[in-house]
2 protein chains.
Amino acid sequence: MTAKGEHGDRASTICRAIRRAILERALSPGDKLPEDQLGERFGVSRTIARHALGQLASEGLVELRRNRIAVVATPSFEEARDEFDIRIELERLVVRALCGRLSPRQVEELNAHTLEEERARDGSEVVSLRLATEFHVRLAEMTGKPTLLRYVRETAYRSCLSLSTFGRPHSSDCAIAEHREVIDALVAGDEKRAMNVMAGHLDQVARRALLQAPEPRGDLMDILAPYAIPNAPSPRRTKRRT
Amino acid sequence: MTAKGEHGDRASTICRAIRRAILERALSPGDKLPEDQLGERFGVSRTIARHALGQLASEGLVELRRNRIAVVATPSFEEARDEFDIRIELERLVVRALCGRLSPRQVEELNAHTLEEERARDGSEVVSLRLATEFHVRLAEMTGKPTLLRYVRETAYRSCLSLSTFGRPHSSDCAIAEHREVIDALVAGDEKRAMNVMAGHLDQVARRALLQAPEPRGDLMDILAPYAIPNAPSPRRTKRRT
DNA sequence: CACACATGAACTGCATGCACTTTCTGTGAC
DNA sequence: GTCACAGAAAGTGCATGCAGTTCATGTGTG
C-alpha cells in the first residue's frame, strides 16, 4: 500500500507542499523554483530540494532544464486536451473497479466530501477547485491499485495546471452534482452508468475549461496593444520566488 | 565550454541501461542495485546513480526502501493484471490518435520493425520480447503526445517485468501477426477496428502470460521438494550485483 | 549441533564544497 | 540616451565525507 508509507522522507514533504500550492494556484505555470531557496524554506539542503524537484518533474508538474532554475510546468493547449483524454479513460477504470464494491465507510467518506464541496461553494474558488480535484484522487485511492492511483493523481494535478492557463472561472455547481451522481451510480452498482457519468463529467470539465483553442493569438503586437496605454495595470503580476 | 556531446544527462544514461537490462531480462525482480556499485560501473558518483534510481522508482521499475538497497521491482499478480487493464486503454488511445494519420515513412518504419521481429523469431527469446515491447513504444512515440508516451512506456516495461515473474514462455508467432494487423488497420484508417485489434492483442498477451493466478503455491515445502535431490541444479541463479 | 548475539563491513541519508553556467547590474563608449 | 560589455551575483552539476542504519559473518553458549 503506497498511501500510508509515511517515509518521513523530507523530499516528499516538499513535493506535497508544492503539489498543493499548484492545486491552490499559489503557484502558476512558469513560476521559478530555485533549489537552494526551496531547501532553505523547508530547512533542508539543496540535495533534498533537488530530489523533490526531480520527482515533481517526473510527474510533469515541473520543468527542469540543464543549468537553469526549475519552473512550474506550462502545459500547452494540445497537451491539456490530450491529458483529459487520458484522464477520462483512467477514471473510467477507477469507477469500473469501484462499482458496487464501496464499503459503507467509503460511501460515507465520499458523501462527506461532497458536503464539504457544497460548503465551499460560496467560499474561495481556489478551495472549490482543490476539493473537486481531491474527490477524483480519493476515488482512485479507494481502488487500491497503485499504478492507477499514480496516473490519476498525476493527470488530475496537471489538469489543474492547465486550467490555470486556459481555464475560465470554475463553475462548481454542476460539478458537485455530477460528483453525487457518480457516487450514486457506484453505490447502485450500475457499472455502465457509473462509467458514463464519470466520462461525461470529465468531458464537461474539459469543455467548460478548454472549449476551444486559446485565442488564436493572431499577432503579438495586437495582444500588447491595450498595455501600451500609459497608466494601464501591469499585464502579469511580477514573478515571485518560492 | 564543455563538449556538447555530453548534454545527455548522465543519470538518464544509467536509467536507459537499466531499463534495457530489465527488458532483456538481464535483471529480474528482486535483483539488487546498490548505488555505489552502480556509480562505479558507470563512472559517476553515487549522487548520479541515486538520482537515476529515483527516476526508475518513479516509473515503478525499481523499489526504494529507506536505508535499504534498491531492488528491481517485483510486481504482484494483481498489479500485473491491473497494469494490463490500464495499458489496454492507453494503447487504444494510441491507435485512435494514429489511425489514418501515419506518414508513409512511419508505416515503413513499423513494417521494418515487424520484419525484424520476424527475423528474431528463431533467435533468442529475449530479443523477441524486447522487439515486441519496442513496437508498442514506437507506436506511442509516433503520437507525439508526451504523457501518453510516458505512460505507455512505463506500463509496457512493467508488463515486461511481470512477465519475468508470471509469464510462461513467450510465443511470438501470433504476436507478430497481431502487430501486422494493427498496422493494417491503422493504414486503412479504420479506427474502430484498429482499437479492437490492439485491445485484443494486448488481452491475448495478458492471457498468454497471466491466464490465472500464479500456481496456488500450496506449500512452500512442496515447491522445494524437487530441489532436495542432492545433485539437482540450483533452483535460481544466484543473485548478481549490478 | 543449533541458535542467539555481537562485531565489523557494506550501504544509504544527507550536507557541504568547488567548479561551472546563467543572469543581473552597473559602467563606459559612442 | 542607448547600447555593448565586463564583472559580480545567483544558481546549478556533481563529488565527497561523515553519521547512522542494515546486513553478514563469525563467536560463544546451551
Between [atom2] of [N] and [atom1] of [X], the distance in whole Å:
X     : N      : atom1 : atom2 : value
A:Q37 : D:dA9  : CD    : C1'   : 13 Å
A:L64 : D:dC14 : CG    : P     : 12 Å
B:D9  : D:dT12 : CG    : P     : 15 Å
B:F42 : D:dC14 : CZ    : C1'   : 17 Å
B:E40 : D:dA15 : CD    : C1'   : 14 Å
B:R10 : C:dC20 : CZ    : C1'   : 13 Å
B:I69 : C:dT12 : CD1   : P     : 5 Å

Along DNA chain C (nearest heavy atom to each residue), the more 5'-positioned of A:R65 and B:R50 = B:R50

If we ignore angles and hydrogens, is there a donor and acceptor under 3.5 Å between the side chains of B:H113 and B:E134?
-> no

Return the orientation label for the A:H51 and B:H51 ring planes: parallel under 30°, perpendicular over 60°, tilted otherwise.
-> perpendicular

Does a side-chain N or O of [X] approach OP1 or OP2 of [N] to a distance below 4.0 Å, or not?
X     : N      : result
A:R68 : C:dT23 : yes
B:T47 : D:dC14 : no
A:R66 : D:dG11 : no

A:E40 atom CD: more than 12 heavy-atom contacts under 6.0 Å | no

Any ion pair linking B:R19 and B:E59 (charged N to carboxylate O, less than 4.0 Å)?
-> yes

Do side-chain atoms of A:R87 reach the backbone of A:D82 as a donor and acceptor pair under 3.5 angstrom?
-> no

Return the residues of residues 51-63 of chain A meeting this criterion: a heavy atom under 4.0 Å from some atom of DNA chain D. Order them by number, or give none.
->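 Heavy-atom cutoff 4.0 Å gives no residues at all.
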
Answer yes or no: side-chain N or O of A:R46 and base N or O of C:dG17 forming a donor-acceptor pair under 3.5 Å.
-> yes

To the side chain of [X], which of [options] is closest?
X     : options                : result
A:D36 : D:dA15, D:dG11, D:dC14 : D:dG11
B:N67 : C:dC11, D:dT12, D:dT21 : D:dT21
A:E35 : C:dA15, D:dT12, D:dA15 : D:dT12
B:I48 : C:dG13, D:dC14, C:dA15 : D:dC14
A:K32 : C:dC11, C:dG13, C:dC24 : C:dC24

Could you tell me whether the side chain of B:D85 reaches within less than 4.5 Å of the side chain of A:L148, counting heavy atoms only?
->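 Counting from C-beta outward, A:L148 and B:D85 never come under 4.5 Å.
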
List in chain and number order the residues that pass side-chain hydrogen bond (donor to acceptor under 3.5 Å, both in side chains) with B:E154, two or more places apart in sequence or in another chain; answer none if no residue qualifies.
->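 Listed in chain order: A:R150, A:Y151, B:R150.
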
